[in-house]
Protein chains: 2
Amino acid sequence: MSTKAPTSSAVRLAAETWESLFRSQVAVMRRLQAGPAFKKLPIKEYDVLFTLSRCPTGKLRLNEINDHVLLSQSSLSRLVDRLEKRGLVERSIAPDDGRGILLGLTEAGQELQKEIGREHIRDIAELVAPALTAEEQRDLLRLTEKLQAFVANK
Amino acid sequence: MSTKAPTSSAVRLAAETWESLFRSQVAVMRRLQAGPAFKKLPIKEYDVLFTLSRCPTGKLRLNEINDHVLLSQSSLSRLVDRLEKRGLVERSIAPDDGRGILLGLTEAGQELQKEIGREHIRDIAELVAPALTAEEQRDLLRLTEKLQAFVANK
DNA sequence: TCAAGATAGATGCATTTGCATGTATCGCTG
DNA sequence: CAGCGATACATGCAAATGCATCTATCTTGA
């Protein structure tokens, strides 16, 4: 395996790249979460509904969801409590693992996700589409996917 | 001014791009904040020290700092309280605006920032540098800067 | 120049978060 | 197959966060 020391310029480039990725995410997120759609439901809670809506089976384990969001396990547990109290999701015991909890959207949860989602995707498009050409967006998509894939397997 | 309606594929591309940018940020941030350096100081508090350390004058207004972080004004105010109580920063009144507060690093704040910064930049490099080539990193840097610049002036 | 609205930052209070820990189930090993 | 460490999720509690509001200062316009 390769263990050559990184040059200081390589370290600097990586740091600047991350810094810029991070700040751009902050700038975009700030705008998005200020949108009127997120008066109904905080964006972090929406994100869980969204994640469930994208899942082919319609149900996900809490630990799988936890990998997608920047929240501790206990915070996610209580966030799901809130969603459940509002009747937007339902917990059920994972059939293949008695410790696990499967989370699924209720009818009301699906509807609210779609409703917020329509506004949200419009806000995203207004912010991102005019900032970068289609080709630049495809590049950015590819690079962030590659970065994420690497980080996930480490 | 141009007001042509975006095509649905353009909307979809923008949404996927943002989603990927966001998830990659979550994945990287999760790793970074788990680093041992952030036992000493939470990453959000470090970020304020870092921002101050990068500033040519060494001092910044609270509202300027607030633009860089994903925190409400009141949360930043109290975060700065904590930093001040630990002797890492000092508040002073902005000379040109009696309402404004200038924040600067103390000696101890500079030292702690450098100390954490050394570990932090190493973690970043270990995560980002092997994931993307130097050219890819330069592309990602350029694209996220462009996105951020657009969002900032909107 | 002074009154009215705007802006910067601080603070009370309810909500959200994370850490440490608890409970239950799983999987492995002897 | 019994026991023991590991894993999944929940919960008590202290700390952090955001919203609404407050105070102080600035800016504008009559």
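Sequence lines set the chain letters: A, B, ... in the order given, protein chains first and strands last, and positions in each chain run from 1.
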Looking at Glu119(A) and Lys40(A), is there a salt bridge between them, counting it only when a charged N and a carboxylate O are closer than 4.0 Å?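 Here Lys40(A) pairs with Glu119(A) in a salt bridge, since their nearest N and O are under 4.0 Å apart.
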Taking NZ, NE, NH1 and NH2 as the nitrogens, is one of them in Asp47(A) or Arg23(B) under 4.0 Å from a carboxylate oxygen of the other?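 Result for this pair is yes, salt bridge flagged.
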How many whole angstroms separate atom [atom1] of [X] from atom [atom2] of [N]?
X: Glu84(B); N: dG9(C); atom1: CD; atom2: P; answer: 13 Å
X: Gln73(B); N: dA8(C); atom1: CD; atom2: C1'; answer: 7 Å
X: Asn66(B); N: dA8(C); atom1: CG; atom2: C1'; answer: 11 Å

If hydrophobic clusters are built by linking Ile, Leu, Val, Met, Phe, Trp and Tyr wherever their side-chain heavy atoms come under 4.5 Å apart, do Phe22(B) and Val69(A) end up in the same one?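 Yes; Val69(A) is reachable from Phe22(B) via cluster members.
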Membership question, hydrophobic clusters at under 4.5 Å side-chain separation (ILVMFWY): are Leu141(B) and Trp18(A) in the same one?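 No, Trp18(A) and Leu141(B) fall in different hydrophobic clusters.
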Taking N and O atoms by type only, does the side chain of Arg78(A) place a donor or acceptor under 3.5 Å from a partner on the base of dG18(C)?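 A donor-acceptor contact between them is present.
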Ignoring hydrogens and angles, answer whether the base of dC19(C) and the side-chain atoms of Ser72(A) contain a donor-acceptor pair closer than 3.5 Å.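 No.
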Testing the basics here: between Ala27(A) and Val151(B), what is the closest heavy-atom pair and its distance to 0.1 Å?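 Shortest heavy-atom contact: O-CG1, 3.7 Å.
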Once you apply a heavy-atom cut-off of 4.0 Å, does Asp81(A) come out as touching a base, just sugar-phosphate, or nothing?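 The residue Asp81(A) makes no contact with any strand.
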Categorize Leu76(A) for me: base, sugar-phosphate, or nothing, with a 4.0 angstrom heavy-atom threshold over every strand shown.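 Contact class for Leu76(A): none.
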Hey, which of these two, Arg91(A) or Gln33(A), hits DNA chain D nearer its 5' end, going by closest nucleotide?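 Its nearest nucleotide being more 5', the pick is Arg91(A).
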More 5' along DNA chain D: Ser75(A) or Asp96(B), using each one's nearest nucleotide?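 Whichever sits nearer the 5' end wins; that is Ser75(A).
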Count the heavy atoms belonging to other residues, nucleotides or ligands that lie under 6.0 Å from CZ of Arg54(B), then report whether that count exceeds 12.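 It does not: Arg54(B) CZ has 12 such atoms or fewer within range.
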Could you go through the ring pair (Phe, Tyr, Trp, His ring centres under 6.0 Å) check for His120(A) and Phe38(A) one step at a time? CA-CA 9 Å; His120(A) 185 42; Phe38(A) 299 109; 5.0 Å; yes
Just by distance, with hydrogens left out, do Thr144(A) and Ser24(B) show a side-chain donor and acceptor under 3.5 Å apart?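 No pair is found: no donor N or O on one side chain lies under 3.5 Å from an acceptor on the other.
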Among dG9(C), dA24(C), dT17(C), find the nucleotide with the atom closest to the side chain of Leu62(B).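 Of the options given, the side chain of Leu62(B) lies nearest dG9(C).
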From the 5' end of DNA chain D to its 3' end, which nucleotides mark the outer limits of contact with chain B, defined by a 4.0 Å heavy-atom distance cut-off (strictly under)?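 From 5' to 3', the first and last contacting nucleotides are dA16(D) to dC26(D).
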Would Ser74(B) and Arg78(B) count as a side-chain hydrogen bond (donor to acceptor under 3.5 Å, both in side chains) if you check the C-alpha gap in whole Å, the side-chain angles of each, and the deciding distance to 0.1 Å? CA-CA 6 Å; Ser74(B) 59; Arg78(B) 287 192 234 255; 5.2 Å; no
Angle, rounded to 10°, between the helical axes spanning five pairs at each terminus of the helix from dT1(C)-dA30(D) to dG30(C)-dC1(D)?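 End-to-end axis angle for the helix from dT1(C)-dA30(D) to dG30(C)-dC1(D): 30°, rounded to 10°.
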